[in-house]
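Here is the structure we will look at, set down as structure tokens.
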Amino acid sequence: MRPDPDCRLCGLWENRMNMVMPSGDPDSRVALVGEGPGSAEDEAGIPFVGRSGKTLMRILAEAGVDRSELLITNAVKCRPPGNRDPKTSEMEACRPFLEHELSKCEIVVGLGRSACRDLLGFSVNMSEVANRDMTLRIGNRDVIFIPTFHPAACAYGKAAQDGLRITAERIARELRR
Ligand code: URA
């Protein structure tokens with residue numbers, strides 16, 4: 001199930017240039033889920049192509065992973081104005097599309113607090129839970145859920161960088177299984 005090209009299920013349609021749909025391999029066993037598109041993504045219509053995306057792709061490349069090997073998507077498909085966090089109501093409106101995108105994945109990596117909150121249904125403290133396996137119910141299946149730092153957090157400290165490196169190495173191992 002994909003959103004209608006003129007989707008107006010929440011208010012984010014008012015400011016969008018493009019709806020940002022998943023990129024990479026839709027059949028990958030590993031999915032990366034961010035919060036929502038930023039301005040570069042809104043312009044390109046592709047997730048994680050701006051500054052955070054470049055940081056993320058560099059860390060993945062260092063672990064030997066290319067973005068084409070993963071399903072890369074966001075909790076909401078349209079840019080929240082001013083790069084604010086998506087609201088719960090906006091995430092709920094987009095949730096059926098996200099569940100459909102994730103229907104073939106075995107491992108879902110949540111990037112940042114707000115994507116993790118949307119997926120898990122509760123808030124987490126990233127420094128406590130990063131890279132700890134959890135279980136996530138998607139439709140009628142349980143998948144492995146790995147919470148981790150948002151790449152934007154790498155600008156503020158080494159903990160996020162180290163945490164994301166651990167995630168990238170785990171993703172590399174999972175893809176080579
Ligand atoms: N941050 C996100 O969470 N998603 C993107 O696509 C880009 C930046």
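Sequential numbering from 1 along the given sequence is applied to the chain's residues. Read the numbers this way: they start at 1 and go in the same order the structure lists the ligands and their atoms.
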What atoms of ligand 1 come closer than 4.0 angstrom to any heavy atom of G34?
-> 3 (O)
Flag the pair E69 and R176 as a salt bridge only when some basic side-chain nitrogen lies within less than 4.0 angstrom of an acidic carboxylate oxygen.
-> yes
Please state which protein non-hydrogen atom is closest to atom 4 (N) of ligand 1 and give its distance, to 0.1 Å?
-> N74 OD1, 2.7 Å
Using modelled atom types only, decide if a donor and an acceptor are shared between the side chain of D25 and the backbone of D27 within a distance under 3.5 Å.
-> yes
Evaluate side chain to side chain contact (heavy atoms under 4.5 Å, CB included) for R132 paired with V124, printing each intermediate quantity in order.
-> CA-CA 12 Å; R132 294 204 182 164; V124 292; over 6 Å; no
How far is atom 2 (C) of ligand 1 from its nearest protein heavy atom, and which residue and atom is that?
-> G36 O, 3.1 Å
K77 bridged to E101 by N-O distance under 4.0 Å = yes
Atom 1 (N) of ligand 1 sits nearest the protein heavy atom H150 NE2, 3.1 Å
Give yes if a backbone or side-chain nitrogen or oxygen of P47 is under 3.5 Å from a nitrogen or oxygen of ligand 1, and no if not.
-> no
Between E62 and R58, is there a salt bridge with N-O shorter than 4.0 Å?
-> yes
Protein contact to atom 8 (C) of ligand 1 [nearest heavy atom, distance to 0.1 Å] | F48 CE2, 3.7 Å
